[in-house]
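Below is one structure, written out as structure tokens, with a few remarks after it.
Both counts, for ligands and for their atoms, begin at 1 and track the order of listing.
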Amino acid sequence: MGKESELILALFDVGAVKFGSFMLKSGIQSPIYFDLRVIISHPKLMETICEILEDVVGGLKPTDVICGVPYTALPLATILSVRQNIPMIIKRKEQKEYGTGKLIEGEYTEGQTNCLILEDVLTTGSSIVDTALVLRDHGILVGTAIVVLNRNYPAADENLMKHGISLISLIKVDEFLEVLFTSGRITKDRRLELTFCGGPNHSTCSAREATKD
Ligand SMILES: O=c1ccn([C@@H]2O[C@H](COP(=O)(O)O)[C@@H](O)[C@H]2O)c(=O)[nH]1
């Protein structure tokens, strides 16, 4: 079994996959929610994700800094930073209202710092785009983003491409569901129901309750 398949099963087994009715950050309704925040209670799992990330980062052009999108990607970015000796920057969710008043923490040189963005789950790509736009406003160069899990929302690629961001996905939702099905963790019916939630009918997925990121 490959590293990615092992990761999918481990994520499922620690409760990172939730079934029900959820409203995503984008307002899209979905019967599945990937809650990767649970990994912070499982250091070995974070290590596994970082090992896969390292393989990807090794094949990219030199990265000057890593920026994790708050919150789940922050510990991943930290581990990657330490293991690869690549410095980190943090784009705060809100500008600091006291002290330094900063929005970006960490060192960078305007026009010369090549930043890699790290995100946990991607739906529309707007969290990555918002992060990239703020970084660029500060003179930081952004070309590539890595996401642990891509929900395959149809407009996401276009959204990122429009902003000149190339995306690398460690796992795509179809692969995720396939591995859960073949390992007996979800039924054929469940898989079929969820397949439509990653594809063209994504926005028509039903919802009964709401959960926000
Ligand atoms: O199953 C999911 C879906 C989304 N998230 C969180 O939402 C944003 C990404 O949404 P965009 O529409 O791409 O901006 C990201 O921060 C995820 O953490 C999620 O956790 N689980």
Side-chain angles (χ1 to χ4, degrees), residues 7-8 10-12 14-42 45-46 49 53 66-78 80 90-94 116-136 142 144-177 179-180 185-186 190-191 193-213:
L7 172 61
I8 291 168
L11 285 172
F12 184 86
V14 298
V17 185
K18 303 198 175 358
F19 303 112
S21 300
F22 302 98
M23 184 190 289
L24 306 184
K25 189 178 174 190
S26 49
I28 293 168
Q29 309 282 11
S30 174
I32 188 168
Y33 189 73
F34 297 95
D35 186 10
L36 263 58
R37 286 145 211 91
V38 300
I39 64 170
I40 61 174
S41 304
H42 300 275
L45 194 45
M46 287 203 285
I49 296 175
L53 284 169
I66 304 169
C67 177
V69 179
Y71 289 99
T72 318
L74 288 178
L76 294 177
T78 309
L80 198 59
I90 294 176
K91 185 204 84 69
R92 303 176 62 95
K93 276 208 164 189
E94 295 92 19
L116 171 70
I117 294 181
L118 198 57
E119 171 68 303
D120 60 340
V121 182
L122 176 121
T123 308
T124 63
S126 66
S127 304
I128 289 180
V129 169
D130 291 349
T131 303
L133 294 181
V134 172
L135 295 177
R136 285 174 180 164
V142 180
T144 305
I146 305 181
V147 64
V148 177
L149 173 65
N150 183 346
R151 291 185 56 124
N152 275 3
Y153 182 64
D157 285 348
E158 203 184 313
N159 188 18
L160 293 170
M161 246 167 21
K162 198 171 74 189
H163 290 92
I165 301 166
S166 66
L167 179 71
I168 299 172
S169 310
L170 299 192
I171 305 167
K172 295 198 173 179
V173 72
D174 329 39
E175 182 194 353
F176 206 107
L177 297 176
V179 172
L180 293 186
R185 281 164 174 82
I186 58 170
R190 173 79 92 180
R191 179 189 172 201
E193 174 204 8
L194 297 173
T195 301
F196 289 111
C197 299
N201 295 331
H202 193 119
S203 60
T204 62
C205 290
S206 61
R208 292 183 295 277
E209 295 161 356
T211 295
K212 271 236 158 199
D213 177 45

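Within a 6.0 Å sphere centred on CZ of Phe19, other residues, nucleotides and ligands contribute more than 12 heavy atoms. The local environment of CG in Leu133 is crowded, with over 12 non-hydrogen atoms from other residues, nucleotides or ligands closer than 6.0 Å.
Note: no N/O pair closer than 3.5 Å links Pro70 and ligand 1 by distance alone. For a threshold of 3.5 Å applied to N or O pairs, the pair formed by Asp35 and ligand 1 contains no separation below that value.
Every atom of ligand 1 is numbered from 1 in the order shown, and the set under 4.0 Å from a heavy atom of Thr124 is 11 (P), 12 (O), 13 (O), 14 (O). Counting the atoms of ligand 1 from 1 in the order shown, those under 4.0 Å from a heavy atom of Phe34 are 1 (O), 2 (C), 19 (C), 20 (O), 21 (N). Remark: ligand 1 atoms within the under-4.0 Å shell around heavy atoms of Tyr33 are 1 (O), 2 (C), 19 (C), 20 (O), 21 (N).
For Asp120, the closest heavy-atom approach to ligand 1 falls below 4.0 Å.
Across Val147, Val121, Thr131, heavy-atom proximity to atom 9 (C) of ligand 1 is greatest for Val121. Closest heavy-atom approach to atom 14 (O) of ligand 1 among the candidates Ala156, Ser26, Ser127: Ser127.
Looking at Ile171, Ile168, Leu167, Leu170 one by one, the single match for side chain to side chain contact (heavy atoms under 4.5 Å, CB included) with Val147 turns out to be Leu167. For the side chain to side chain contact (heavy atoms under 4.5 Å, CB included) with Ile117, the qualifying choice from Leu135, Ile66, Val129 is Leu135, the only one to do so.
Arg136 contributes a side-chain N or O that, together with a main-chain N or O of Val142, makes up a donor-acceptor pair within less than 3.5 Å.
Looking at Leu194 and Leu180, their side chains never come closer than 4.5 Å, going by heavy atoms from C-beta outward.
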